[in-house]
Amino acid sequence: MAASTKSFLADAGYGEQELDANSALMELDKGLRSGKLGEQCEAVVRFPRLFQKYPFPILINSAFLKLADVFRVGNNFLRLCVLKVTQQSEKHLEKILNVDEFVKRVFSVIHSNDPVARAITLRMLGSMASIIPERKNAHHSIRQSLDSHDNVEVEAAIFAAANFSAQSKDFAAGICNKISEMIQGLATPVDLKLKLIPILQHMHHDASLASSSRQLLQQLVTSYPSTKMVIVTLHTFTLLAASSLVDIPKQIQLLLQYLKNDPRKAVKRLAIQDLKLLANKTPHTWSRENIQALCESALHTPYDSLKLGMLSVLSVLSGTIAIKQYFSTAPGTAATTARSFDLVKLAQECCYHNNRGIAAHGVRILTNISASCQEKDLLPLEQDAVFGLEALLVLCSQDDSPGAQATLKITLTCMVKLVKCRPHLSQSVVESLLTQLHSAQDAARILMCHCLAAIAMQLPVLADGMLGDLMDLYKLIGQSATDKKQELLVSLATVIFVSSQKALSSEIKTVIKQQLENASNGWTAYRIARQASRMGNHDMARELYQSLLTQVASEHFYFWLNSLKEFSHAEQCLTGLQEDSYSSVLSCIAEALKSYHKGIASLTAASTPLNPLSFQCGFVKLRIDLLQAFSQLICTCNSLKTSPPPAIATTIAMTSGNDLQRCGRISNQMKHSMEEFRNLATRYGELYQASFDADSATLRNVELQQQSCLLISHAIEALILDPESANFQEYSSNGTAHVESEYERRMMSVFNHVLEEVESLNRKYAPVSYLHTACLCNAVIALLKVPLSFQRYFFQKLQSTSIKLALSPSPRNPAEPIAVQNNQQLALKVEGVVQHGSKPGLFRKIQSVCLNVSSVLQSKSGQDYKIPIDNMTNEMEQRVEPHNDYFSTQFLLNFVILGTHNITVESSVIDSNGIVWKTGPKTTIFVKSLEDPYSQQVRLQQQQGQPPSQQQQQRTAYSRF
């Protein structure tokens with residue numbers, strides 16, 4: 001239990017207690033200077049870890065210069081180690097500041113008499129091509145080494161030539177003729193030609209170069225018909241076309257021609273592989289004729305392996321725009337009409353093929369056609385897809401081999417897709433899944449449960465029908481504690497939670513707890529409790545968290561589970577709210593708040609410096625404040641009964657000109673309440689912006705909480721504060737077609753219901769009557785009766801992204817200010833590194849980093865004399881795009897006013913959709929602005945009544961320079 005939980009609780013941190021960067025570098029430098037070869041090699045191979053830990057240029061520059069020295073004076077084995085380190089650390093190469101010095105030390109070895117040393121140097125230069133693409137001496141050395149008589153050196157030169165061609169247009173243009181001469185030359189051995197041809201894939205820098213390379217490849221493919229040459233040439237042809245983009249349709253035709261006419265299976269396989277590459281990269285370039293040709297080849301081939309490959313290309317195309325193009329062309333003749341459905345004919349033939357892979361691609365094509373071409377009447381096609389899916393389900397669910405499991409995943413994905421776009425097919429799909437669930441292998445059952453959960457989330461109408469079968473199966477699961485059984489317990493429990501949407505019956509709870517006691521470990525129970533919290537079954541979750549409290553090994557885990565138990569108990573208190581009894585509602589909210597306060601104390605105790613649980617704490621604090629605001633609103637509504645408007649309220653309203661005064665004190669209270677809800681909505685928005693790594697379901701949950709705050713504030717304004725100007729159009733729902741979960745569905749229905757009630761009251765009655773306050777109270781109760789869903793990000797962080805900033809100049813001691821003269825500007829350099837967890841870019845990727853620099857005067861020094869001031873403060877913003885997870889920029893700051901200034905640098909990130917996320921961090925340094933000596937001297941003389949001398953006046957003119 002503890003071991004498994006640790007991955008979540010320790011995921012956010014990046015560093016154990018760090019050594020100083022200089023100390024770490026000195027430690028490795030000591031190893032490099034050692035007389036023993038083993039210690040030197042060990043020191044060299046530890047450099048990539050150092051770069052990963054301290055990824056800033058000042059250290060990387062020093063480290064690479066030391067490695068270049070080792071490369072210059074060491075033996076070939078050490079040089080090889082340095083080469084491997086350079087290749088591993090390719091993304092850090094651009095942080096080398098003294099590139100000339102680094103290259104000079106490495107390049108000196110190219111003049112060695114040892115061909116192996118020269119070969120390693122060439123590979124080293126090739127690995128550095130990204131930072132020295134236009135170095136003519138490197139270009140010359142590569143060109144020269146291609147003529148060497150040593151095979152090792154020539155191969156190294158080919159490697160370097162390929163890397164430089166990819167980076168440098170000049171080198172590519174210059175080397176192209178040399179490469180073509182060598183390839184066409186009779187003296188060049190065939191194996192060397194095979195290594196030279198792939199260099200041509202990089203000749204895409206301009207149209208003429210790409211065209212000449214294509215002509216050469218066209219000659220080669222006809223002049224050298226041997227299998228190896230054709231395979232290498234065709235693949236290079238494809239990669240060149242994919243990079244240059246203009247020749248892709250021609251390349252597709254060429255590959256289809258080879259696929260159809262070349263009898264060799266190896267060439268056909270290569271053609272299929274390249275067609276798949278082009279189908280993934282540019283599906284829009286595939287014409288109807290191309291797809292037709294591929295279908296005909298697939299229909300006529302007798303080989304299953306080739307048919308499988310062609311179907312895999314077609315299944316990729318069927319999920320893209322290409323399928324619409326295939327069906328959209330108006331058929332001109334009867335022959336065209338018959339042929340236009342060759343794809344359908346092929347897919348129908350393959351659905352029941354004895355090869356599982358072919359059958360899977362067949363049903364995937366049928367599913368994609370049904371999903372994409374919804375305007376067509378494809379009823380027979382839909383039925384074929386369903387029958388094919390059911391046949392594959394029966395076949396694969398009995399087999400637990402990896403191949404069968406992979407095919408089953410494809411089948412189940414197609415089922416979910418088909419049910420989503422064709423809801424009328426859902427009943428038969430669900431029935432076949434439930435029927436098969438009893439006889440399937442455990443591995444297949446887990447996948448089938450995931451599929452059922454996905455379908456039930458999309459179509460809750462089907463959920464109730466599943467429950468009986470699922471409970472029967474849950475009782476039948478064996479007593480063994482194997483990993484598959486544990487996984488199956490979790491998957492089945494998830495489907496049961498999804499299926500019993502409203503609340504779990506006591507019978508279901510008893511069955512689940514009984515099975516957990518019999519056959520599960522603590523980690524399984526925790527995962528089931530987590531799913532219960534996500535689905536809003538808080539009573540079940542509370543009991544499970546309670547049972548796990550004594551099973552953990554660390555106090556942090558204990559506090560974490562205790563906080564979850566308290567939160568579940570708090571939410572459970574809110575499930576039994578009655579609409580008529582407002583006093584019982586207030587007592588329920590008070591009970592919930594009591595548990596929430598206990599829980600937040602436990603949650604704070606569970607946090608560690610490496611994992612501060614900031615999202616969890618922020619989310620729970622907002623929930624506490626929201627419950628308090630709801631409680632306060634109900635009390636305010638009740639105050640209309642306990643403290644009605646005085647008799648003279650109407651007179652006061654007329655004399656003051658404020659019509660709201662006739663409602664008495666409730667109007668001011670409502671105004672405060674509305675501001676509080678708007679403030680909460682803003683805070684939910686800030687939490688949303690700070691959650692860059694959260695999954696979409698968690699973000700949607702936060703958004704729904706924000707919308708509920710805005711809804712209540714709008715209701716207060718529309719009913720009581722400003723009924724005339726209330727606008728209901730902007731708050732109207734956009735429909736529920738995009739709804740992803742039951743929680744969202746229920747929240748949206750509450751929103752719509754509340755808006756309808758408010759709108760009808762707003763038109764009928766003037767404020768404030770008991771109807772208005774009852775409407776507000778009922779809106780609060782309706783929102784609270786929807787059980788809160790604790791989404792994935794509350795428990796689990798799948799993506800982890802953080803930014804590390806380094807400012808220069810920076811003081812030795814953080815409390816010390818940096819001294820700057822007030823007539824000078826401070827050049828502040830901001831460098832940063834983006835650090836990722838194990839799955840970078842899983843939900844969203846960083847497009848650019850926004851750096852905001854501001855300065856505030858903390859304390860003035862000296863007399864308050866007059867100085868011409870242009871800028872009192874500094875406020876600047878810059879956007880930089882990280883390259884290889886590194887970015888750098890500079891700011892020029894003025895400090896005209898003498899004294900201590902506080903500079904704050906804050907970073908936020910912009911994702912690929914242009915959305916700004918306030919991820920932080922925020923770094924602060926202090927600057928002390930000092931008066932420049934000459935101005936000080938002039939001022940002192942003016943104070944003493946002495947005019948400045950001619951010589952001093954002359955000096956001021958030159959002091960500017």
Side-chain angles (χ1 to χ4, degrees), residues 5 8-9 11-12 453 457 490 493-494 496-498 500-504 523 525-549 557 559-575 592-593 595-604 606-607 611-627 683-684 687-688 690-691 693-708 740-747 783-798 843:
T5 317
F8 151 62
L9 286 171
D11 189 38
M457 292 283 253
V490 177
T494 306
I496 290 167
F497 293 148
V498 175
S500 52
Q501 300 285 4
K502 303 295 179 211
L504 291 177
W523 179 238
Y526 173 72
R527 288 176 66 196
I528 290 175
R530 198 169 67 181
Q531 292 292 5
S533 293
R534 283 174 68 184
M535 301 301 167
N537 294 308
H538 297 293
D539 50 345
M540 179 82 204
R542 187 187 66 80
E543 290 173 26
L544 291 175
Y545 291 134
Q546 177 71 53
S547 68
L548 290 169
L549 280 175
F557 300 150
F559 286 126
W560 167 248
L561 287 172
N562 192 48
S563 67
L564 293 177
K565 182 201 81 174
E566 293 293 350
F567 299 151
S568 298
H569 179 63
E571 288 301 326
Q572 191 187 342
C573 293
L574 300 171
T575 51
L593 281 169
S595 289
Y596 260 122
H597 282 297
K598 283 185 194 170
I600 194 76
S602 271
L603 190 63
T604 311
S607 61
N611 188 24
L613 301 177
S614 49
F615 173 80
Q616 290 85 340
C617 290
F619 186 78
V620 170
K621 282 174 185 168
L622 278 167
R623 181 67 176 169
I624 290 171
D625 291 349
L626 181 61
L627 289 177
R683 285 170 60 198
Y684 269 116
L687 180 68
Y688 184 101
S691 309
D693 293 320
D695 55 289
S696 55
T698 304
L699 291 175
R700 183 65 186 135
N701 193 357
V702 174
E703 209 173 10
L704 287 169
Q705 303 305 313
Q706 184 186 26
Q707 284 173 2
S708 64
E740 292 292 328
S741 66
E742 177 61 15
Y743 175 70
E744 185 179 351
R745 193 176 286 109
R746 289 171 73 176
M747 285 295 273
L783 287 169
L784 287 176
K785 280 174 80 174
V786 181
L788 180 68
S789 169
F790 290 96
Q791 288 291 341
R792 183 193 287 276
Y793 192 57
F794 197 87
F795 302 96
Q796 200 178 15
K797 202 173 188 178
L798 293 184
F843 300 121

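Heads up: numbering here begins at 1 and tracks the sequence. All values reported here derive from a predicted model rather than from experimental measurement.
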Does the side chain to side chain contact (heavy atoms under 4.5 Å, CB included) test come out yes or no for Lys797 and Phe615, once each step is laid out?
CA-CA 11 Å; Lys797 202 173 188 178; Phe615 173 80; over 6 Å; no
Checking side chain to side chain contact (heavy atoms under 4.5 Å, CB included) for the pair Phe794/Leu564: CA distance, chi angles, key distance, verdict?
CA-CA 10 Å; Phe794 197 87; Leu564 293 177; 3.7 Å; yes
Under the 3.5 angstrom rule, does the side chain of Ser708 hit a backbone N or O of Gln705 as a donor-acceptor pair?
yes
The side chain to side chain contact (heavy atoms under 4.5 Å, CB included) partners of Ala690 (sequence neighbours excluded) come to none
Once side chain to side chain contact (heavy atoms under 4.5 Å, CB included) is applied, do any residues pair with Ala601, and if so which ones, sequence neighbours excluded?
none
Could you check whether any side-chain N or O of Asn701 sits under 3.5 Å from a backbone N or O of Ser789, counting only pairs where one atom can act as donor and the other as acceptor?
yes
What's the spacing between Trp560 CH2 and Ser602 OG if we round to 0.5 Å?
11.5 Å
Taking Met457's backbone N and O only, do any of them form a donor-acceptor pair with Arg745's side chain (distance below 3.5 Å, no angle check)?
yes
Once you round to the nearest 0.5 Å, how far does OG of Ser533 lie from CZ of Phe567?
10.5 Å
To the nearest 0.5 Å, tell me how far Leu704 CG sits from Arg746 CZ.
13.0 Å
Going by side-chain contact (heavy atoms from CB on, under 4.5 Å), Ser568 matches just one of Glu543, Arg542, Gln546. Which one?
Arg542
Go through the steps to decide whether Phe619 and Phe790 satisfy the test side chain to side chain contact (heavy atoms under 4.5 Å, CB included), and finish with yes or no.
CA-CA 10 Å; Phe619 186 78; Phe790 290 96; 4.2 Å; yes
Distance col, row Arg683:CZ vs Gln706:CD, nearest 0.5 angstrom, shows 12.5 Å
Hey, does the side chain of His538 reach the backbone of Leu574 with a donor-acceptor pair shorter than 3.5 angstrom?
no
Would you say that Tyr793 contacts Leu798 through its side chain, given a criterion of any heavy-atom pair below 4.5 Å between the two side chains?
no
Hey, does Glu742 have a side-chain heavy atom less than 4.5 Å from the side chain of Val498?
no
Among pairs that include at least one residue of residues 564-574, which meet salt bridge (charged side-chain N to carboxylate O under 4.0 Å, His left out), considering only residues two or more places apart or in two chains?
Glu571-Arg623
Minimum heavy-atom distance Thr494-Val490, with the two atoms named
OG1-O, 2.8 Å
Could you tell me the separation between the CD atom of Gln796 and the OG1 atom of Thr698, rounded to the nearest 0.5 Å?
10.0 Å
Ring pair (Phe, Tyr, Trp, His ring centres under 6.0 Å) involving Phe843 - partner list, sequence neighbours excluded:
none
Walk me through whether Leu544 and Ile528 qualify under side chain to side chain contact (heavy atoms under 4.5 Å, CB included).
CA-CA 8 Å; Leu544 291 175; Ile528 290 175; 3.9 Å; yes
For ring-ring contact (aromatic ring centres under 6.0 Å, His included), just list the numbers for Trp523 and Tyr526, CA-CA rounded to whole Å, side-chain angles, deciding distance to a tenth of an Å, and then say yes or no.
CA-CA 5 Å; Trp523 179 238; Tyr526 173 72; 5.4 Å; yes
Could you tell me the separation between the CZ atom of Arg700 and the CG atom of Asp695, rounded to the nearest 0.5 Å?
13.5 Å
Pairwise salt bridge (charged side-chain N to carboxylate O under 4.0 Å, His left out) hits with a residue in residues 531-541, at least two apart
Lys509-Asp539
If you compare all heavy atoms of Leu548 against all heavy atoms of Leu561, which two are closest, and at what distance to 0.1 Å?
O-CD1, 3.8 Å
What residues, two or more places apart in sequence or in another chain, satisfy ring pair (Phe, Tyr, Trp, His ring centres under 6.0 Å) together with Tyr684?
none
Side chains of Leu626 and Leu622: does their closest heavy-atom pair fall under 4.5 Å?
no
